[in-house]
Amino acid sequence: MLTIRQYVRAESLEEAYTLAQKRNNMVLGGMAWTKMYNRSIGTAIDLGGLGLDTIEETDEAYLIGAMTPLRVLEQHVGLNAMTQGAVAESLKGIVGVQFRNTATVGGSVWARFGFSDVTTILMALEARVELYQRGVMTMEEFALLPRTERDILVRVIVPKMERSVCYLSQRNTKTDIPVLTCAVVRRGGETFAVVGARPRNAEVYRDTEGLLASGVTEEGACAFGESVARRASFGSNCRAGKEYRQKVAAVLVRRAVLTLDKEG
Ligand SMILES: Cc1cc2nc3c(=O)[nH]c(=O)nc-3n(C[C@H](O)[C@H](O)[C@H](O)COP(=O)(O)OP(=O)(O)OC[C@H]3O[C@@H](n4cnc5c(N)ncnc54)[C@H](O)[C@@H]3O)c2cc1C
C-alpha cells in the first residue's frame, strides 16, 4: 500500500524542486503508476496548480506541459496532423480512455519505462525535455541521466518540421504493455527508426548504410528492418523472449517503411 504522510500543492516550480530534494518525498504525476507502490512517502508534491496541463503552440514547436494527460496528447489536432495520426496511434493501446485521462506525459517520460509507447513516439519526434534545474536536453540525453536525479520535468518540446511518421507496436493482447514499439520517420530524405519496449529504453537507429537513400523498395525496406534488428539489443521477460523481439523488430520496421512509402 502507498502511504502519504503529507500532501503539498506546490505554488511554484522552485517550491516543488526544493521539496523534491528530500529522498523520501515524491513528485506526483497522475499517480497511475505510483499508486501501485508499496512504500511510505514523506511529502507528496502535486504540480497540478502550476498550469502545466496544456499543450501550447509556438511558431517553432509544441510545448507539452508535464501534467498534460496522455489523452490530451492523443487527441491533439496539430500534433496528429504533423505526424499523420502517429501520435494517436502510439497512445491508443495504453490501457483505456479513463486511464489515459489520468496518466500524464511528465510521469510517463520521467519514469523511463522499458516498455514505453510514449518515449518511443517522443524520441521519434526528436523531442527535448525541459527540466527545472538541468534545463533542456534531448530525449536520448535524458534517458542516460541517473535515476537518482531529483529534478522536476517541466515540459516536453516537440519541434515543428516536415516529416512522415509511422508508429506500430506489437502487443500480446490489445491493451497489454507492448512486446515491442517501433516508429519510423522520414525527414528531408533521411530515414530513421526508433525501437522501444525491447524491454529497455527506446533508441534511435539511422539508415547508416544508405539502404533507403535512393528510394524505398521492398528489398531496401526489408534490409533496413534486418539492419535495425541486428544493431538493437533485446531482452526477455514474461511477455516475450529476445529472439522473438528481434524478429518482430525487423518486421515492424519493414512494415513501417513500406507504409510511409505507400502513403507518400
Ligand atoms: C497497468 C498499467 C499499464 C500501462 N501500460 C502502458 C503501455 O502500454 N504503454 C505505455 O507507454 N505506458 C504504459 N503504462 C505507463 C503509463 O502510461 C504512465 O506512464 C504511468 O502511469 C506514469 O504516469 P503517471 O502520470 O501516472 O505518473 P506517476 O505514477 O504519478 O509518476 C511516475 C514517476 O514519475 C515521477 N514524476 C511524475 N511527474 C514528474 C515530473 N513532472 N517531474 C519529475 N518527476 C515526475 C514520479 O515521482 C514517479 O516516480 C502503464 C501503466 C500502468 C499502471
Side-chain angles (χ1 to χ4, degrees), residues 7-21 25-35 43-83 85-92 94-95 97-113 116-143 145 149-161 165 167 183 202:
Y7 163 87
V8 172
R9 190 170 165 88
E11 287 182 7
S12 66
L13 283 167
E14 178 60 30
E15 183 189 11
Y17 177 77
T18 305
L19 286 169
Q21 298 320 297
N25 294 350
M26 193 172 79
V27 178
L28 305 180
M31 282 194 78
W33 188 263
T34 47
K35 71 172 189 287
T43 300
I45 309 154
D46 184 358
L47 307 178
L50 302 178
L52 296 174
D53 56 350
T54 55
I55 302 178
E56 285 170 52
E57 184 176 356
T58 69
D59 287 345
E60 294 85 32
Y62 291 99
L63 313 178
I64 307 168
M67 292 298 282
T68 304
L70 293 182
R71 180 71 173 160
V72 170
L73 179 60
E74 179 186 352
Q75 295 190 308
H76 194 273
V77 174
L79 277 159
N80 276 305
M82 187 175 74
T83 61
V87 168
E89 179 63 30
S90 70
L91 302 179
K92 73 173 194 198
I94 303 179
V95 188
V97 169
Q98 286 173 329
F99 182 92
R100 299 197 295 280
N101 273 326
T102 309
T104 64
V105 173
S108 303
V109 173
W110 183 268
R112 284 168 281 178
F113 295 118
S116 183
D117 293 285
V118 184
T119 306
T120 306
I121 188 68
L122 290 175
M123 211 175 257
L125 299 183
E126 297 165 82
R128 282 168 292 138
V129 174
E130 182 184 333
L131 301 184
Y132 177 67
Q133 187 62 30
R134 280 191 171 259
V136 177
M137 63 187 70
T138 63
M139 291 283 294
E140 288 92 327
E141 288 164 338
F142 177 70
L145 280 189
E149 195 72 28
R150 305 197 64 79
D151 214 328
I152 305 286
L153 195 152
V154 181
R155 59 181 63 84
V156 175
I157 303 161
V158 176
K160 284 184 178 174
M161 53 179 85
V165 190
Y167 188 90

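Between the side chain of Arg112 and the main chain of Phe142, a donor-acceptor pair closer than 3.5 Å is present. Side-chain atoms of Asp53 never come within 3.5 Å of backbone atoms of Gly65 as a donor-acceptor pair (strictly under, hydrogens ignored). Listed for the Asp151 side chain is a donor-acceptor partner under 3.5 Å among the backbone atoms of Arg134. Of the possible donor and acceptor atoms, none in the side chain of Lys35 sits under 3.5 Å from a partner among the backbone N and O of Gly30. In this structure, the side chain of Arg155 does not engage the main chain of Glu130 through any donor-acceptor pair within 3.5 Å. In this structure a side-chain-to-backbone donor-acceptor pair under 3.5 Å is present from Arg100 to Lys92.
Below 30°, between 30° and 60°, or above 60°: for His76 and Tyr62 the angle between ring planes is above 60°, a perpendicular geometry.
Evaluation of the ring pair (Phe, Tyr, Trp, His ring centres under 6.0 Å) rule for Tyr167 yields no partner, not counting sequence neighbours. Take Arg128 and apply the side-chain hydrogen bond (donor to acceptor under 3.5 Å, both in side chains) test, not counting sequence neighbours, and it matches no residue.
Residues Leu131 and Met137 have side chains in contact (heavy-atom distance under 4.5 Å, counting atoms from C-beta outward). No side-chain heavy atom of Ile121 sits under 4.5 Å from any side-chain heavy atom of Thr83. Leu52 places none of its side-chain heavy atoms less than 4.5 Å from the side chain of Thr104. Side-chain contact between Ile45 and Val8: absent, with no pair of heavy atoms (C-beta onward) separated by less than 4.5 Å. Side chains of Glu149 and Gln133 form no contact here, defined as non-hydrogen atoms less than 4.5 Å apart. Side-chain contact between Val118 and Leu91 is present, with heavy atoms from C-beta onward closer than 4.5 Å. A 4.5 Å side-chain heavy-atom check between Met31 and Asp46 finds every atom pair outside the cut-off.
Annotation for Leu19 and Asn25: closest pair O-ND2, 2.9 Å, computed over non-hydrogen atoms.
Heavy-atom neighbours of Glu11 CD from other residues, nucleotides or ligands within 6.0 Å: at or below the threshold of 12.
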